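Presented below is the structure to which this report refers.
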Amino acid sequence: MSQNDLVLDVRDLSVSFRTGRGKVRALRHVDITVPKNKIVGIVGESGCGKSTLINSVLRLLAPNAIIEPGSQVDFLGDDVIKMSNSQLTDLRGQRISMVFQDPMTALNPVISVGTQMTDILYRLKIPMAEKRKRAADMLAQVGIPDAQRRLEDFPHQFSGGMRQRICIAMALMMNPALLIADEPTTALDVTLEAQIIHLMKELREKFECSMLFVSHNLGLIAELCDEVIVMYAGEVVEQGEVHDLFHRAAHPYTRMLLECDPARIAEARQELPTITGSVPDMIDLPPGCIFAPRCPRRYEPCDASPPEPYAVSDQHSARCFLVRDGR
Amino acid sequence: MADNILTVKDLRVRFRTAGLVKALVNRIEDPFIDAVMKVSFSLGRGETFGLVGESGSGKTTLGRAIIGLVRAQEGSINYDGSELIGLGDKQYRSIRRNIAMMFQDPVASLSPRKTVRASITEPFRIHKMGVANLGEEARRLLDLVGLHQGFMGAYPHQLSGGQARRVGVARALALEPKVIIADEPTAGLDVSVQGEILNLMNRLQRELGLSYLIITHNLPVVRHVSDKLAIMYLGRFVEQGTTKEIFERPAHPYTLGLLAAVPEPDPDKRRDKLELQGEIPSLMRRPSGCEFHTRCPFVQKKCLEVAPKYEEVAPGHWASCHFPFPDPADAKAVGPGAMPGMGNVPYAPGAAGEERLAAGAAMGDSMKKDIFRGSR
Ligand SMILES: Nc1ncnc2c1ncn2[C@@H]1O[C@H](COP(=O)(O)OP(=O)(O)O)[C@@H](O)[C@H]1O
Ligand SMILES: Nc1ncnc2c1ncn2[C@@H]1O[C@H](COP(=O)(O)OP(=O)(O)O)[C@@H](O)[C@H]1O
Ligand code: SF4
Ligand code: SF4
Ligand SMILES: [Mg+2]
Ligand SMILES: [Mg+2]
């Protein structure tokens, strides 16, 4: 894929956090690309580094974070890591937008929805009436009934599902090149979740924007995404096209994760599969494969040195010696 | 022969929503809402009963009413032969020890300033039970839920999601209850950890002979863990039956909608249609007729005017819908009017079926197909 087709190109990104106990190596040698007009899903259990990755892309890392040398976060040709503060302000406000799990992260409770939406357009030299019209249009597009009138309302006057729709409308106001959604439906009921996912599919057709969709819900990833990245303990352990990932998963962790999903288990059963053991301490990493302590397929090479991403097929790779050795 | 440890009948819980003045100002005629509206069910000994519905449907309130944290206005709660409604505080307390609740969001429900040891032995203090050796009790409880004794002195913020749930289970087990009401026991957990907690609860059920009422909005989970199931909407049960029956032959459109809303972890099974539009209406303004009619894809004229009865659609399977989905198992032959959307499900139309078919003709085939594909 040519460089020009990529909105986001993350190369060899490593991020650590300084703590009293030592250096938490939260991301290690992460490579991720988001092609134009594609939805890329990131899946992984809590603590695997999903938020750290997003925060690196937006340069919103905690003060104790260190971006390790050699890391590269390329957004439409610009290296985010080298950006000045004013470039970053532009990046966050206008070129990349975010939708969070809790809509109230993005909404101001004491300002009307209409004002919050027109404020996003502060740079545009167009009459206020025009801005309000755009805001109302956008609210209507995300399925808020009676949008014109509801511009006057405050966030608390909307239900949780409606608030998340408003956040999506706000995120799309500037026609961003990249939309990052971090567990946008986790706080919602399944019915509302289905509605929001449906909306995101529709909007993606309309707005031709690329999306980085973070979720721990495999069903949602399968439903929405074109490509999938599986993270485990700070590493990308597998990545590929969505069908490859769900039908031909190569990494033992991905396979186990899929097996654990109760929605995938055809027959009702009492004893559910689990992944024994726990996520390793990211201060003191094992010398070999990060998943080795929990891996049922572990063999000789696994404890000696860490595996690299090996190609399973074109566009599909996994960090596992089984792939390298054709086992 | 049903051996029920808990039987709830026509239970009704009302809340006052606004003060009198505010009600007058806002012209609220009825400042009360019925969060639980005439709900009946029984929990068999050693069984698991699942309670499913969108948030705001009254699940938590029903659980809280059973353990006496909110007052029920009407109805009956019978625990192992004793009626709980109308009991004096002291008597209630002695029976109530047999029913424990695991609250939603364990980290939030555990006191941040209390150690694990203090949290799990708190029920002894609340119920004024003198225990010779609290430390020993704490050790016993941690052991039961598979937590290392080293967690004794830990604080909630030092626990992972799964560990906090285990502490919640330990605390619920403190007084050796027979019934546990678990409110969203796996919400927010990763799938791998979710399985661990459910397996733990399953083991404890077998070893200690517990009966569970599990409140959840997670249908894939409830399918694996519960024997019976009720679907709740606006404080009422709209469908109830064995879990198997409801998953295989859902009768109520709301149940179908909930099932269809769960995405399958398979990119070949994407849904291009949305079955359940809209949101749950306010309890202050219950819709006329069938209360689900504002969102029902199968709504007919009758539904706007007449409330459907909650009736048995098959033995032990109840639903409140004028046009319940037919039970394919009962049909002997492929009826001439077999619904096109239902694949090769054989169906002989009965009296209600005729109307149902008319309703079926009015909606798009693709929608039916989607709904059935979604619910499998
Ligand atoms: N500011 C911080 N200081 C120290 N450790 C942190 C900090 N932020 C995150 N971490 C650690 O980094 C790892 C990845 O966290 P995070 O990116 O939040 O994961 P996720 O979003 O996948 O749940 C975790 O082990 C977390 O504890
Ligand atoms: N103490 C209370 N006072 C007034 N209304 C309440 C109270 N507790 C719950 N409710 C209302 O009762 C309804 C049912 O709530 P709840 O039982 O929490 O539903 P669920 O657990 O299904 O999400 C909601 O409309 C809620 O706002
Ligand atoms: S490299 Fe070895 S330990 Fe790691 S996932 Fe592959 S088989 Fe398992
Ligand atoms: S009675 Fe009518 S509106 Fe209500 S669930 Fe049945 S078909 Fe839908
Ligand atoms: Mg996160
Ligand atoms: Mg609740």
Side-chain angles (χ1 to χ4, degrees), chain A residues 44-48 143 145 159-162 186-195 197-199 201 216-226 228 241-247 253 256-279 294, chain B residues 48 52-57 160-162 186-199 202-203 205-206 217-226 243-244 247 254 257-280 282 295 374 376:
Chain A
E45 295 173 273
S46 46
C48 72
S159 68
M162 287 294 162
T186 304
L188 301 175
D189 279 308
V190 276
T191 49
L192 300 186
E193 176 172 82
Q195 291 176 11
I197 296 298
H198 191 76
L199 173 69
K201 280 194 210 167
H216 66 276
N217 185 329
L218 292 161
L220 293 183
I221 298 267
E223 178 79 33
L224 184 68
C225 299
D226 303 302
V228 187
E241 192 271 330
V242 64
H243 292 87
D244 281 340
L245 233 118
F246 279 87
H247 296 157
Y253 175 68
M256 290 172 83
L257 202 57
L258 289 169
E259 279 166 22
C260 281
D261 189 341
R264 254 177 91 95
I265 305 169
E267 287 296 308
R269 53 193 281 187
Q270 292 258 296
E271 191 76 12
L272 291 166
T274 59
I275 303 177
T276 47
S278 54
V279 181
R294 305 172 82 180
Chain B
T48 300
V52 176
E54 288 164 289
S55 39
S57 55
S160 72
T186 65
L189 292 182
D190 288 309
V191 279
S192 58
V193 184
Q194 169 175 282
E196 279 177 28
I197 298 299
L198 294 172
N199 291 345
N202 182 32
R203 176 173 64 76
Q205 178 164 46
R206 275 184 281 115
H217 63 266
N218 190 327
L219 278 159
V221 160
V222 94
R223 175 160 156 265
H224 295 289
V225 302
S226 70
T243 305
K244 189 169 157 42
F247 272 82
Y254 180 55
L258 286 180
L259 288 168
V262 178
E264 273 193 68
D266 184 345
D268 284 345
K269 296 191 180 147
R270 291 188 177 177
R271 306 154 296 178
D272 35 272
K273 271 258 173 57
L274 197 62
E275 289 76 18
L276 263 191
Q277 308 273 357
E279 298 183 17
I280 189 164
S282 159
R295 301 171 73 190
R376 267 169 301 159

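What's counted below: heavy atoms across the whole structure, side chains too, no hydrogens, waters or symmetry copies. To find a chain, count down the sequence lines: A is the first, B the second, and so on, and within it residues start at 1. Keep in mind the model is a prediction, meaning the values are calculated, not measured.
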Tell me yes or no: between the side chains of B/E279 and A/S159, is some donor less than 3.5 Å from an acceptor?
yes
Could you tell me which portion of B/L198 (side chain, backbone, both or neither) has an atom closer than 4.5 angstrom to a non-hydrogen atom of chain A?
side chain
Whether the side chain of B/D190 engages the backbone of B/V193 through a donor-acceptor N/O pair (distance < 3.5 Å, no angle test) should be reported.
no
Please answer whether the main-chain N or O of A/H243 pairs with a side-chain N or O of A/E241 as donor and acceptor at a distance below 3.5 Å.
yes
Heavy-atom pairs under 4.5 Å with chain B are the metric here; pick the option from A/L272, A/D261, A/L245, A/T186 that has the most.
A/L272
Just give me the residue among B/G278, B/S160, B/G53 that pairs up with chain A most often, heavy atom to heavy atom, under 4.5 Å.
B/G278
Relative to chain A, which of B/S55, B/G188, B/S192, B/P265 shows the most heavy atom pairs under 4.5 Å?
B/P265
Given 3.5 Å as the limit, does a donor-acceptor pair link the side chain of B/N199 with the main chain of A/E271, or not?
no
Tell me yes or no: between the side chains of B/T243 and B/S226, is some donor less than 3.5 Å from an acceptor?
yes
Name the region of B/N202, side chain, backbone, both or neither, that has any atom closer than 4.5 Å to a heavy atom of chain A.
side chain
Any side-chain heavy-atom pair from A/P262 and B/Q194 closer than 4.5 angstrom?
yes
Given heavy-atom pairs under 4.5 angstrom as the criterion, report whether the side chain, backbone, both or neither of A/I197 touches chain B.
neither
I want to check something: taking the side chain as every heavy atom from C-beta on, are B/R295 and B/Q277 in contact at a cut-off of under 4.5 Å?
no
Of A/R269, A/K201, A/H216, A/M162, the largest count of non-hydrogen pairs under 4.5 angstrom with chain B goes to A/R269
Taking every heavy-atom pair that is under 4.5 Å apart, which of A/I221, A/I275, A/L220, A/D189 has the most such pairs with chain B?
A/D189
So what's closer than 4.5 Å to chain B heavy atoms on A/E259: side chain, backbone, both or neither?
neither
Quick one: which of A/L258, A/L224, A/N217 has the most heavy-atom pairs under 4.5 Å with chain B, could you say?
A/L224
